[in-house]
Amino acid sequence: MILDMKQITISVNNTILVEDFFLQIASGELVALVGASGSGKSILAHSIMGIAPKNVVCQGEIRYQGEPLTKEKKRDVLGKEIVLVPQNISYLDPLMKVGRQVAKGKKDKISMEKVTKLFQKYNMHSSVMQRYPHMLSGGMARRVFIASALMEQPRLVIADEPTPGLHKEMAQMVVSHFREMAQMGAGVLMITHDLELAMDCADKIIVLYGGKIMEQTNAKSFQSENTLYHPYTKALWKAMPQNGFHTTSVTHPSKTGCPFLKGCTKSKKECMKNIIPYFQKENSIIRCIDAGGKEICF
Amino acid sequence: MAGYILKNSIRMFLLIIAVSIAAFLLMTYSPIDPLQTNVGQTALGIMSQEQIEKLETYWGSTLPPLTRYIQWAKDFFSGDMGISLLYRQPVSDIISQRLSNSIWILSAAWILSGVFGIILGMLAGIKEGTLLDHIIKSTAILFSSTPIFWFALLMLMLFSVWLKWFPIGLSVPIGVTAENVTITDRIYHGILPSFVLSIAAMPNIILHTREKMITVLESDYVLFAKAMGKSNQQIFIQHGMRNVLLPAITLQCASISEIFGGSILAEQVFSYPGLGQMAVTAGLGGDMPLLMAIVVITACFVCAGNLLADVLHHIIDPRMRFGKGNKI
Ligand SMILES: Nc1ncnc2c1ncn2[C@@H]1O[C@H](COP(=O)(O)OP(=O)(O)O)[C@@H](O)[C@H]1O
Ligand SMILES: [Mg+2]
């Protein structure tokens with residue numbers, strides 16, 4: 001296992017943002033974390049890397065290649081073995097040339113040659129290195145980030161919404177680069193709110209809602225409604241264009257009990273209980289008391 | 001770039017004209033009667049009507065305001081600043097002498113407030129929420145709400161009257177001929193006024209830089225820098241400093257007006273014979289040519305500072321850089 005997280009709870013000033021989260025990524029695996037905006041995806045990514053703001057408290061167990069991911073460990077691996085692929089140009093310093101930023105501020109010949117090679121690999125002219133971030137197009141910025149992730153050999157790639165604003169082919173191309181990284185033996189966590197894209201490229205999909213995992217399942221399960229078990233996941237499935245655009249009028253996730261309490265047709269009294277356990281059924285892990293299967297504990 | 005500067009220069013020229021008109025109107029309609037102030041009620045009482053009329057012509061109060069202004073403007077922009085009514089000397093002579101006194105303390109105050117203001121602001125921003133930040137921030141707020149003349153008086157009492165470290169006033173020692181005034185004398189006399197001026201200008205730049213530092217450290221690009229494993233030190237040098245310096249320097253260039261404004265009060269308190277003190281004398285004495293010249297020259301400095309800020313911003317910031325190759 002490259003990354004093994006369990007019982008992760010993230011809170012800010014005693015407000016819980018993410019509750020009882022788990023995640024396992026093996027070498028060569030691409031896991032998609034899917035969730036609506038505000039469901040806590042970014043804060044999770046930042047907490048794994050230890051770069052969340054000081055007031056964010058992350059409790060639970062995070063193991064990286066079998067060892068606890070301590071502060072000291074993070075200092076060694078951040079930017080080298082564990083890399084972040086950010087979302088947009090605002091993650092680049094507006095006053096520094098792109099090439100130098102990819103080289104992590106270094107200017108020596110070896111770093112620069114490496115950057116040149118990577119830029120070539122991703123179809124960018126070497127003159128792009130001399131540009132400032134505001135001179136990049138959206139697609140180009142994404143390739144710059146991917147190049148920056150490959151400056152060293154990453155073992156774990158965390159991509160936080162790497163595709164919004166891109167047209168479909170471009171998005172698929174970006175995603176194919178993540179697949180390549182996985183093929184090279186890295187574990188990839190791709191955060192997105194684009195379920196279709198996740199279905200196309202991921203091995204495993206985790207659906208997050210209101211800071212809680214609703215369901216974790218194989219990407220294949222999304223090919224049919226019958227292999228999905230959580231009412232929320234089913235609702236997501238029905239909302240997809242090829243399945244008829246049936247949107248449920250879901251308001252904000254419920255703060256207590258199951259987040260999907262208000263949108264679910266089958267919700268009952270027990271769903272209002274604060275602690276809802278996980279159930280395993282075939283290859284899926286579902287957080288719904290109605291799903292059936294075997295109750296599990298992490 | 002040249003076109004940009006030209007366009008802005010024209011705009012500033014118009015602004016300066018507007019400022020001169022405003023100053024002229026204020027002078028013309030001010031309740032101060034130059035005759036009464038400079039000649040005195042009793043003297044006027046014993047003068048003949050003829051004499052009074054002559055004096056009135058001298059102080060300019062018989063001409064209609066518009067004619068008077070146009071006359072002044074024509075002379076001024078053809079290079080003749082006129083003769084000071086109070087001193088009966090060419091205004092240009094008085095100004096050049098006063099300006100050479102003031103420029104010392106003004107530039108010292110400007111540089112000191114800039115350098116220390118930016119350093120303290122950055123420090124407070126980096127250490128946001130710590131004791132150091134609280135001390136810097138609250139001191140800055142305290143000083144920004146302290147009237148400059150009051151602070152100047154306090155410093156004068158403390159350092160000149162009690163401790164006797166610095167002279168009570170003037171820009172040179174008393175009773176020393178101009179040739180014998182050393183540079184040390186000048187510095188010695190300038191320290192206290194420029195210190196007070198720089199302290200007065202500092203809170204603004206401190207608070208602004210602090211705020212900017214905090215925003216930069218919370219920015220996405222600093223987050224990404226952290227994710228790349230950069231140390232806090234590297235982040236400050238590579239990203240923090242540059243992004244904070246840019247607006248700070250711009251602000252400092254634009255703050256010349258405040259230093260000039262402060263100098264009027266500070267020079268008054270320290271009896272420092274500079275431009276600021278002269279402005280007060282000219283204003284209260286109804287010396288139209290002198291005051292107008294001071295106003296226009298000060299406005300020129302302020303405008304030049306703003307223009308410099310603009311140009312610097314365009315040169316340093318790649319997003320605003322002039323010329324081609326900027327867009328894909
Ligand atoms: N530093 C923080 N302090 C307080 N609340 C935060 C902080 N960061 C994120 N949040 C809150 O946590 C929730 C999840 O945010 P985020 O992880 O950015 O969502 P996502 O990336 O899924 O859109 C949001 O409701 C947001 O307001
Ligand atoms: Mg996000």
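The sequence lines fix the lettering, A, B, ..., with proteins before strands; numbering per chain opens at 1.
The contact between B/Lys230 and chain A is made entirely by side chain atoms (from C-beta outward), counting heavy-atom distances below 4.5 Å. There is no contact between B/Ile237 and chain A, counting heavy-atom distances below 4.5 Å. Looking at A/Ile158, neither its backbone nor its side chain comes within 4.5 Å of chain B, counting heavy atoms on both sides.
Expressed to the nearest 0.5 Å, how far NZ of B/Lys226 lies from CG of A/Leu84 amounts to 12.5 Å. In this structure, CE in B/Met228 is found 8.0 Å from CE in A/Met151, a value given to the nearest 0.5 Å. Here CZ of B/Arg319 is found 8.0 Å from NE2 of A/His134. Values are rounded to the nearest 0.5 Å. Atom CD of B/Glu128 sits about 7.5 Å away from atom NZ of A/Lys54, to the nearest 0.5 Å.
When the candidates A/Ala52, A/Pro94, A/Gly105 are compared by the number of heavy-atom contacts under 4.5 Å with chain B, A/Pro94 comes out ahead.
Proximity of B/Pro318 to A/Lys97: side-chain heavy atoms (C-beta onward) are nowhere separated by under 4.5 Å. Counting heavy atoms from C-beta outward, A/Pro86 and B/Tyr221 have side chains that stay 4.5 Å or more apart. Looking at A/Tyr91 and B/Asp220, their side chains come closer than 4.5 Å, going by heavy atoms from C-beta outward.
Annotation for A/Met96 and B/Gln238: closest pair CE-O, 3.5 Å, computed over non-hydrogen atoms.
Put simply, the side chain of B/Arg242 gets close to the backbone of A/Leu95: a donor and an acceptor are under 3.5 Å apart.
The salt bridge (Lys or Arg N to Asp or Glu O under 4.0 Å) contacts involving residues 78-93 of chain A comprise nothing, where partners must be two or more places apart or lie in separate chains.
With a 6.0 Å radius and a threshold of 12 heavy atoms from other residues, nucleotides or ligands, A/Gln172 has its CD atom above the threshold. Other residues, nucleotides and ligands contribute only 12 or fewer heavy atoms inside 6.0 Å of the NZ atom of B/Lys137. Counting non-hydrogen atoms of other residues, nucleotides and ligands closer than 6.0 Å to CG of B/Leu142 gives a total above 12. Enclosure of atom CZ in B/Phe151 by more than 12 non-hydrogen atoms of other residues, nucleotides or ligands within 6.0 angstrom is indicated. Heavy-atom contacts from other residues, nucleotides or ligands closer than 6.0 Å to CD of B/Gln233 number 12 or fewer.
Looking at residues two or more places apart in sequence or on another chain, you find no side-chain hydrogen bond (donor to acceptor under 3.5 Å, both in side chains) involving A/Ser11.
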Does B/Ser231 form a side chain to side chain contact (heavy atoms under 4.5 Å, CB included) with A/Arg75? I'd like the steps, not just the answer. CA-CA 9 Å; B/Ser231 67; A/Arg75 204 174 300 143; over 6 Å; no

